[in-house]
Amino acid sequence: QVQLVESGGGLVQAGGSLRLSCAASGRTSSRYAAGWFRQPPGKEREFVAAISWSGSSTLYADSVKGRFTISRDNAKSTVYLQMNSLKPEDMAVYYCAARLFTTPQAMGALYDYWGQGTQVTVSS
């Protein structure tokens, strides 16, 4: 089992920045790819970004390319999502996910573990 805990959410003005963190515990000796997903109010969960175990491969949703950066520090068992130039449409609950394969994927169904989520609110 891998437990994931997100942090770093909050209230920010449009154009501002936030950095989300996802700390893993439990079976962290296993190699896993990680992803960030979000669920805006009243909408379905959607893919945001994903990263391979090594960090050499990343995927991004078109809506966040050039504004968000996913990274990881395996020594700290932590995955990050740096969010810049935030827009009101980025407001959502952000979830971290892990899959027990090394390659990143955009499909949520391919992930094995999920965090509880952290709220990001963007004011216009």
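For clarity, every value in this text was computed on a predicted model and none was experimentally measured.
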Same cluster (ILVMFWY, side-chain, under 4.5 Å), Val120 and Phe47: no
Closer than 3.5 angstrom, by distance alone: can the side chain of Asp112 be matched with the main-chain N or O of Leu100 as a donor-acceptor pair? yes
Measuring from Ile70:CD1 to Cys96:SG, what's the distance to the nearest 0.5 Å? 7.5 Å
Do Tyr111 and Leu4 land in one hydrophobic cluster if side-chain heavy atoms of ILVMFWY residues count as linked below 4.5 Å? no
Let me confirm one number: the OG-CD1 distance from Ser57 to Ile51, rounded to the nearest 0.5 Å. 8.5 Å
Run the salt bridge (Lys or Arg N to Asp or Glu O under 4.0 Å) test on Lys65 and Asp62 for me, step by step, so that the C-alpha distance in whole Å, both residues' side-chain angles and the decisive distance to 0.1 Å come before the verdict. CA-CA 5 Å; Lys65 279 181 182 176; Asp62 287 344; 3.2 Å; yes
Parallel, tilted or perpendicular: ring planes of Phe68 versus Tyr94, cut at 30 and 60 degrees: tilted
Which pair of non-hydrogen atoms, one from Leu59 and one from Ala106, has the smallest distance, and what is that distance? CD1-N, 4.1 Å
Check whether Tyr60 and Val48 end up in the same hydrophobic cluster, where Ile, Leu, Val, Met, Phe, Trp and Tyr are linked by side-chain heavy atoms less than 4.5 Å apart. yes
Heavy-atom closest pair, residues Ala49 and Leu81: CB-CD1, 4.2 Å
At what distance, to the nearest 0.5 angstrom, does OG of Ser77 lie from CD of Gln3? 11.5 Å
A quick test of your reading: do over 12 heavy atoms of other residues, nucleotides or ligands sit less than 6.0 Å from CD of Glu46? yes
Main-chain N/O of Gly117 paired to Glu6 side chain as donor or acceptor, under 3.5 Å: yes
Intermediate values then yes/no, side-chain contact (heavy atoms from CB on, under 4.5 Å), Val5 and Gln116: CA-CA 7 Å; Val5 178; Gln116 294 299 308; over 6 Å; no
ILVMFWY cluster, Trp114 and Val93 together (side-chain gap under 4.5 Å): yes
Closest non-hydrogen atom pair, Leu110 against Arg99: O-NE, 3.2 Å
Verify side-chain contact (heavy atoms from CB on, under 4.5 Å) between Trp36 and Cys22, making sure each step is shown before the conclusion. CA-CA 9 Å; Trp36 286 97; Cys22 173; 3.6 Å; yes
Give a yes or no on this: more than 12 heavy atoms of other residues, nucleotides or ligands lie within 6.0 Å of atom CZ of Phe101. no
Just verifying a value: how many Å separate Met83 CE and Thr69 OG1, rounded to the nearest 0.5 Å? 11.0 Å
What's the spacing between Ser21 OG and Gln82 CD if we round to 0.5 Å? 9.5 Å
Can you check ring-ring contact (aromatic ring centres under 6.0 Å, His included) on Trp53 and Tyr32, steps first, answer last? CA-CA 5 Å; Trp53 164 251; Tyr32 59 92; 5.7 Å; yes
Can a donor-acceptor pair be found, under 3.5 Å and without considering hydrogens, that links the side chain of Thr118 to the backbone of Gly9? yes
When rounded to the nearest 0.5 angstrom, what distance separates CZ in Arg38 from CD in Glu89? 8.0 Å
Using the rule that Ile, Leu, Val, Met, Phe, Trp and Tyr join whenever any side-chain heavy atoms are under 4.5 Å apart, tell me whether Tyr80 and Leu18 fall into a single cluster. no
When you compare the side chain of Asn84 with that of Ser17, does any pair of heavy atoms fall below 4.5 Å? yes
State, without any angle test, whether Thr78 and Asp73 hold a side-chain donor-acceptor pair at a distance under 3.5 Å. no
Where Gln105 and Ala50 come nearest, the two heavy atoms and their spacing: O-CB, 3.6 Å
Any side-chain donor near an acceptor of the partner, Ser63 and Arg67, under 3.5 Å: no
Provide the closest heavy-atom pair for Val2 versus Ala24 in the form atom of the first, atom of the second, distance. CG1-CB, 4.1 Å
